[in-house]
Undergrad: 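One structure, pasted below without further comment.
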Amino acid sequence: MQKAKAIELDIAVVDGVELNGSWNRMFEPRVISEYDLSVLDSITQIPGAESLGYCYQCGKCTGVCPVDTVGDYSPRKVFRRTQLGISLIDSPDLWLCTTCRNCLRVCPKEVNMINIMPAVREQAVLEGKAPDELLTAFENTARYGNPIGESPRKRADWTKNAGVAVPIMSQRKAPVDVLWFVECYPSYHPRGKEASSALARVFDALSVDYGILGTEEKCAGDSQRMAGERGLFEMLAEHNIKMLSKYTFNQLVVTDPHAYNAFLHEYPKMGGEWPVQHYTQFLAERLNQVHFVKALNKRVTFHDPCYLGRHNGEYEAPRALLAALPGIDLVEMGHCRETSYCCGGGGGGMWMDSFTRDYASERLSERRVKEAIEYGAEILAVSCPYEVPRFEDAVKSTGHDGELQVMDIAELMAYCMGLNEALVLH
Amino acid sequence: MRLAVLLKTVPDLVEELALDEDARTLLFDEMSYVPSEWDDQALEEALIIKEESGAEVTVIAVDTGDVDTMLFTALAKGADYAVKIVGDFDAAMSNWQKARVVADYLGRGDFDAVLSGVQAIDDVDGQLPGLVAGFLGWPHASVITEVRVAGGSHLQLRQEYAGGLVAELETVTPIVVGVQAARKPPRYASVAKVRQVAKSATIDEVEADVAEARLAGVEYVRPVAAGHAEMIEGDIDEVVDRIVAILEERNLLRRA
Ligand code: SF4
Ligand code: SF4
């Protein structure tokens, strides 16, 4: 049996000063730490997954991991099970993390699930060990440019019902100030399309000089990357970069925080570098031009999207927009900002609901909806396209139909600007 | 054992069929195409046989448009060779013509078994594998859900019948098999792997002449609806009563 290895250095040299750690280190493993580490090693040697080996079992992550509140899963448990010889590649644990980034916020050892998960999942996908429904989403994305399997030719069809003209770059043939990267759910999902129409009306009212790629756009691919299909992500990124490069614009505006994350951190590595803003950031800078004509008169709470908040540090822009709505009674939930809960859609969770159901007492979205109800909210405001469908389903499945509306911030703005007829109750 | 798997693309039904209502023709060039899902099953079954008994798998497609990605994907999944039959072909090519071209190629090789999807959305009667077998003068079995090598040059097949009956057949080779479903769902080839294979592997191109079509499509029209669905109105009790009444009217329900 292979003996446990010390992770820290025996003697470290810092600025030429030799620091001998032997006085407080245990270099001879005791019986209780004599494990066969071959399984742990097989995971930590995957590039990107090294930091799993740093875990010293403090348990801080377990306290904040949203998945642990509905199941039996946290980074601490992942490490411990792997240490005991259960291969993460074969374990359902591998598919439960939503890459919400809450554990990394508290982990003293920087065990980084945001790097570990995609790396190990990539290996599992190669070995054909991923949940079928996830593979279907991958196949759809590869074939149609969207995970839902909708026709790529219909990607811009939502614009026909937007109520305002939505300029498409290939037809416009002129430089624009803003290129709006719409993304998949805002292009195809019925509620996503309503939010897109609302945002188009707001842009129109603010005379934003913008255009969309229309059928030339494909999924930005960030969640597929986090779910273990890096090759697919790269193929999508190459396509989108090529399409975007055909046009002249000053900045990108994205509807989707996952796309925001990709354009901020991943596309530049592949040669696609443009200034990018989430639509809430873009609108928050233009609040002084907004004319509100209607009061909301509702109690509203806001769910921070993991990829806007924790991943990219933007907590204020959506709140600035909400706070400006006339007649709003804005209430914060206990889990907000850095400690925000997770809707369960990130990291591929969007496409694994049937799989994860077997390992969770309830959906993360259901937990979150119950929290919003506890705070007396009538509207749960969101700013990520995954969230409207997820939370609307959760409102129904938790028996709160009619009590809580899930609305994109763009829809709330359009309503108060008099651009949407009514606050539709779905 | 040398296995050939026939792959083809079919119109993608996620898109509208491109039908010219006036000219009553299908606009084959305006449709997008996807690999036929039954062929995917045939490939999976062949790959399972390969894993079980070390067979060699060759995937074959007639070049009716963009078939390279489909062939590279098959190689990424584990097929050994890919063959593209090239010639003066287009997407309007009939299954009879495809079968003719493929059979000519297969007849020159020494394959022990040919696996094809049992049918396709443009071949709901499942003619293609039967035609290939007919041209070659080989035996043919269709609606197969399992293929196993039974020592030497025999194959064991599992064939599905109506009414839940299953037959186990033993057959000599060479044979053409129409696969209904593989034993396992088709495997996934990651995009990185397909792209890497597309860079490193080669597709063998074989030239062939197209045989003249024996049948010509006269016109393509949308089916005319014969009857309409009855929308049942009312509250849940009324709806349930009406459904029960309909079932009784049609002798589909008997009360004890
Ligand atoms: S990223 Fe989120 S879901 Fe994943 S392990 Fe960390 S806290 Fe849990
Ligand atoms: S917080 Fe970090 S070190 Fe502590 S148990 Fe979790 S993963 Fe391990």
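Throughout, protein chains are lettered first and strands after them, A, B, ... in sequence-line order, and every chain is numbered starting at 1.
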Undergrad: Could you walk me through whether A/E238 and B/R195 pass salt bridge (charged side-chain N to carboxylate O under 4.0 Å, His left out), step by step?
TA: CA-CA 13 Å; A/E238 282 166 20; B/R195 295 179 108 194; 2.5 Å; yes

Undergrad: If you count heavy atoms of other groups shown closer than 6.0 angstrom to OH of B/Y81, is the number above 12?
TA: no

Undergrad: Above 12 or not: heavy atoms from other molecules or residues under 6.0 Å from CG of B/D235?
TA: yes

Undergrad: I'd like to verify something: which residue of A/A130, A/P152, A/G228, A/S151 has the highest number of heavy-atom pairs under 4.5 Å with chain B?
TA: A/S151

Undergrad: What closest approach, in Å, do A/A142 and B/V191 show between heavy atoms, and which atom pair accounts for it?
TA: CB-CG2, 4.3 Å

Undergrad: Which answer fits A/E122, side chain, backbone, both or neither, if we ask what part of it has an atom under 4.5 Å from a heavy atom of chain B?
TA: neither

Undergrad: Report the C-alpha distance between A/E229 and B/Y188 in whole Å, list the side-chain angles of each, state the deciding distance to 0.1 Å, and finish with yes or no for side chain to side chain contact (heavy atoms under 4.5 Å, CB included).
TA: CA-CA 11 Å; A/E229 241 297 18; B/Y188 178 77; 2.5 Å; yes

Undergrad: Could you please spell out the steps behind the side chain to side chain contact (heavy atoms under 4.5 Å, CB included) verdict for A/R153 and B/E16?
TA: CA-CA 10 Å; A/R153 297 179 186 184; B/E16 304 283 324; over 6 Å; no

Undergrad: Give a yes or no on whether A/K269 atom NZ has more than 12 heavy-atom contacts from other residues, nucleotides or ligands under 6.0 Å away.
TA: yes

Undergrad: Set out, in order, the CA-CA distance, both residues' side-chain angles and the distance that settles side chain to side chain contact (heavy atoms under 4.5 Å, CB included) for A/R143 and B/V34, then state yes or no.
TA: CA-CA 8 Å; A/R143 184 171 291 169; B/V34 290; 3.4 Å; yes

Undergrad: Could you point out which residue of A/L126, A/L135, A/L232 forms a side-chain contact (heavy atoms from CB on, under 4.5 Å) with B/S190?
TA: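 Of all the options given, the one that passes is A/L126.
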
Undergrad: Any luck finding a side-chain donor-acceptor pair between A/Y144 and B/D12 under 3.5 Å?
TA: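 Present: a donor and an acceptor within the cut-off.
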
Undergrad: Heavy-atom count check: over 12 atoms from other residues, nucleotides or ligands less than 6.0 Å from A/K246 NZ?
TA: yes

Undergrad: By a 4.5 Å heavy-atom criterion (distance strictly below it), what part of B/T69 contacts chain A: side chain, backbone, both, or neither?
TA: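 Looking at B/T69, nothing touches chain A.
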
